[in-house]
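Shown next, in structure tokens, is the structure this report addresses.
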Amino acid sequence: MGTLVDYFSRSLNDPEHFWGEAAEAVHWYRRWDRVLDDSDQPWYRWFSGAQVNTCYNALDLHIEQGRGDQLAVIYDSPLTGQQRHYTYSELRNEVADFAGALAAKGVVKGDRVVIYMPMVPETAIAMLACARLGAVHSVVFGGFAANELAVRIDDATPRVIVSAACGIEPGRVVEYKPLLDGAIALSSHKPESCIILQRPQKRAELTTGRDFDWEDSVAAASPHECVPVAATDPLYILYTSGTTGEPKGVVRDNGGHIVALKWTMKNVYNVEPGQVYWAASDLGWVVGHSYIVYAPLFNGNTTIIYEGKPVGTPDAGAFWRVIAEHGVEVLFTAPTAFRAIKKEDPEGKLLGQYDLSQFKALFLAGERTDSDTLNWAQKKLGVPVLDHWWQTETGWAICSNCMGIEPLPIKEGSPTKPVPGWDLRVVDDQSEEVPAGEIGSLVVKLPLPPGTFPELWHARQRHFDAYLSEFPGFYKTADAGYIDEDGYVFVMSRTDDIINVAGHRLSTGAMEEILAAHPDVAECAVTGVANELKGQVPLGLLVLNAGCERDHDIIISETIQQVREQIGPVAAFKQALIIDRLPKTRSGKILRGTIQKIADGMGWKMPATIEDPAILDEIAAALQQAGYLKNG
Ligand code: COA
Ligand code: AMP
């Protein structure tokens with residue numbers, strides 16, 4: 001108990017005591033030797049010496065404590081017209097059976113299992129089954145293409161891949177199996193076996209000797225018990241965009257992850273065990289890992305796996321229908337989902353058809369919540385709308401309004417204040433703190449709290465270079481922003497080439513690598529430009545090889561197709577423009593930030609270091625002509 005200030009100062013002044021206390025809510029086979037192990041700085045470990053099992057804490061513990069008949073998961077799929085309900089006991093049994101199936105394929109503690117699946121309960125079952133065995137799962141989002149899957153297979157080197165015959169997007173069935181086969185053909189590492197979930201919408205041909213049917217595998221297996229693992233052992237690897245085409249494998253451990261996520265359910269989201277909590281995201285993203293599967297289950301909640309969209313399945317009332325039908329008390333999604341709903345139903349007329357009386361809070365993350373969306377949602381829903389800021393790397397919110405500790409007044413554009421555990425600072429290039437209100441790099445003083453990322457998978461040097469080297473003693477978030485006089489944090493932009501498209505994190509560098517490989521392209525630049533629905537979308541500028549006389553429209557559509565084939569439809573790369581030359585500094589650096597400002601119709605200053613100022617006018621004219629200039 002106490003005020004936010006009490007919690008906050010205890011968490012920073014005595015983290016061992018603070019998190020040690022939170023750890024009492026977790027089941028341990030063996031307690032820790034040290035809450036915080038700082039013997040290998042700047043790499044820290046939480047709960048070293050302890051033995052634990054994530055799946056036990058998510059499922060078995062609740063059954064022992066009398067929640068066996070409570071719903072653990074509701075699968076609601078407007079895309080297939082199906083619903084399924086799993087109590088904690090039913091889910092535990094399915095998970096134990098599937099763990100047995102994985103074990104029968106040779107999966108043991110420490111092995112990796114790649115999961116490439118749509119939004120079905122079997123995806124969560126596969127994740128929890130890995131956790132039960134102490135195996136390390138790596139879920140790959142279904143909107144990624146074969147090439148991206150192959151890169152992840154080569155990095156994670158899984159013994160087994162779990163996949164499905166297909167995913168369902170509005171108006172089309174996405175066949176996963178050809179993508180999986182393509183990825184395995186491309187990768188150097190080959191899995192020993194694949195377990196494939198067949199779906200009635202499209203069955204897949206299985207490759208004899210390698211592929212096994214999910215149902216047959218489960219039928220032949222016997223249920224597997226939880227395997228104790230070290231608290232510091234990896235639970236999962238989740239790949240996220242880095243600044244190059246090579247994604248970063250963010251590792252999550254077992255012990256600190258259970259402690260921190262369970263703690264957030266009450267303290268950040270103000271959710272009690274037994275309540276229905278819904279994160280409308282995808283299991284392939286960090287929000288899906290933390291808040292569709294793990295945190296709500298650690299906390300004894302009912303979680304929802306929703307296979308649908310905010311609009312079009314069947315209409316902009318879809319979210320209200322799910323909230324009303326299943327008694328959701330807290331919803332977590334990305335602002336882009338609300339922009340989509342607001343665009344279709346600006347008056348919020350569909351809200352009137354549903355009883356949302358038990359709904360009490362909306363949390364948004366993935367991108368900054370713009371004022372329009374915040375005000376609209378607040379007005380229509382009549383509940384607090386809470387922006388909170390986090391990253392794949394952090395696994396849970398760095399900044400949030402902590403509704404279970406002490407709700408604070410909401411300030412538009414701010415995810416409120418650092419959550420206990422996060423020593424957030426704003427610094428200049430020399431790591432010096434800047435005064436309130438001044439923009440700088442947002443960094444977190446080490447150690448990061450439990451539940452964050454101890455390392456990048458097999459890439460210690462990259463971890464150090466990307467996050468720890470620039471501001472010694474701090475974690476670099478790669479976000480820029482400021483903290484105001486009242487201590488509210490404002491996250492303004494990334495400091496690298498990551499863009500945020502419909503809440504999905506994408507690397508413009510990865511797109512540039514693909515565009516540059518096109519035989520007619522001499523040089524290119526990709527920037528994220530403002531988009532009303534998705535927040536940002538990528539825009540490619542292409543300079544062709546001298547003497548290239550091919551039709552420009554054909555070249556553009558080829559590059560668009562290549563990005564779709566190599567990264568996947570999720571890249572949403574649909575706009576490209578051919579220009580004569582790119583704006584550069586005298587040292588040859590492409591001025592992507594300036595291109596973005598021009599395209600967004602924002603005020604921009606002529607960079608002092610520009611090689612040839614006339615290029616910027618040429619680009620503005622080309623963007624205007626192509627209809628890409630906002631406000632132009
Ligand atoms: N498997 C295969 N393809 C997928 C996919 C999946 N799991 N998820 C998305 N795609 C495809 C889409 O069909 C689309 O393809 P298209 O170019 O052929 O139309 C493309 O990837 C881009 O998807 P997206 O950026 O999501 O756009 P959209 O137009 O389909 O939907 C929103 C827009 C706003 C409705 C949607 O992004 C959304 O609901 N977002 C909010 C929730 C969320 O997931 N947030 C993530 C972090 S919290
Ligand atoms: P991801 O790793 O996909 O979760 O993306 C993390 C990035 O998304 C952050 O570094 C931010 O740039 C952005 N982001 C996420 N949530 C917010 C938010 N609430 N406000 C501003 N930016 C956000």
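FYI, side chains are in, hydrogens and waters are out, and symmetry mates aren't considered; it's all heavy atoms of this structure. The structure presented is a predicted model; accordingly, all values stated were derived computationally and were not measured. Order of appearance sets the numbers: ligands from 1, and atoms from 1 within every ligand.
Scanning the protein for heavy atoms near atom 41 (C) of ligand 1, the closest one is Thr336 CG2, 3.6 Å.
Summarising the contacts of atom 28 (P) of ligand 1 with Glu307, Glu169, Lys534, the nearest heavy atom is found in Lys534. Across the listed options Asp496, Asp387, Thr495, Asp387 owns the non-hydrogen atom lying nearest to atom 19 (N) of ligand 2. Of the listed residues (Ala334, Pro569, Pro118), the one carrying the non-hydrogen atom nearest atom 21 (O) of ligand 1 is Pro569. Of the listed options Gly568, Gly167, Gly143, Pro335, Gly143 places a heavy atom closest to atom 3 (N) of ligand 1.
Distances from ligand 2 to the non-hydrogen atoms of Pro415 include no value under 4.0 Å. By the 4.0 Å heavy-atom criterion, Val311 is excluded from the residues contacting ligand 1. Using 4.0 Å as the threshold, Phe332 has no heavy atom nearer than that to any atom of ligand 1. Look at Ala572 and you'll find every heavy atom at least 4.0 Å from all atoms of ligand 1.
For Thr333, no nitrogen or oxygen atom sits less than 3.5 Å from a nitrogen or oxygen atom of ligand 1, counting backbone and side chain alike. Polar contact check, Arg564 against ligand 1: a nitrogen or oxygen pair lies under 3.5 Å apart. Some N or O of Arg172 is nearer than 3.5 Å to an N or O of ligand 1, by distance alone.
For Lys411 and Tyr488, the positive end sits near the middle of the six-membered ring, less than 6.0 Å away and at most 45° from its axis. Annotation: cation-pi pair Arg152/Tyr116 absent, no NZ/CZ under 6.0 Å from the ring centroid and within 45° of its normal.
With a 4.0 Å heavy-atom cut-off, ligand 1 is reached by the backbone of Ala280 but not by any atom from C-beta on. Only the backbone of Trp390 comes within 4.0 Å of ligand 2, judged by heavy-atom distances. Here His504 has no heavy atoms under 4.0 Å from ligand 2, in either its backbone or its side chain.
The two residues Ser290 and Gly395 come nearest to each other via the heavy atoms OG-O, 2.8 Å.
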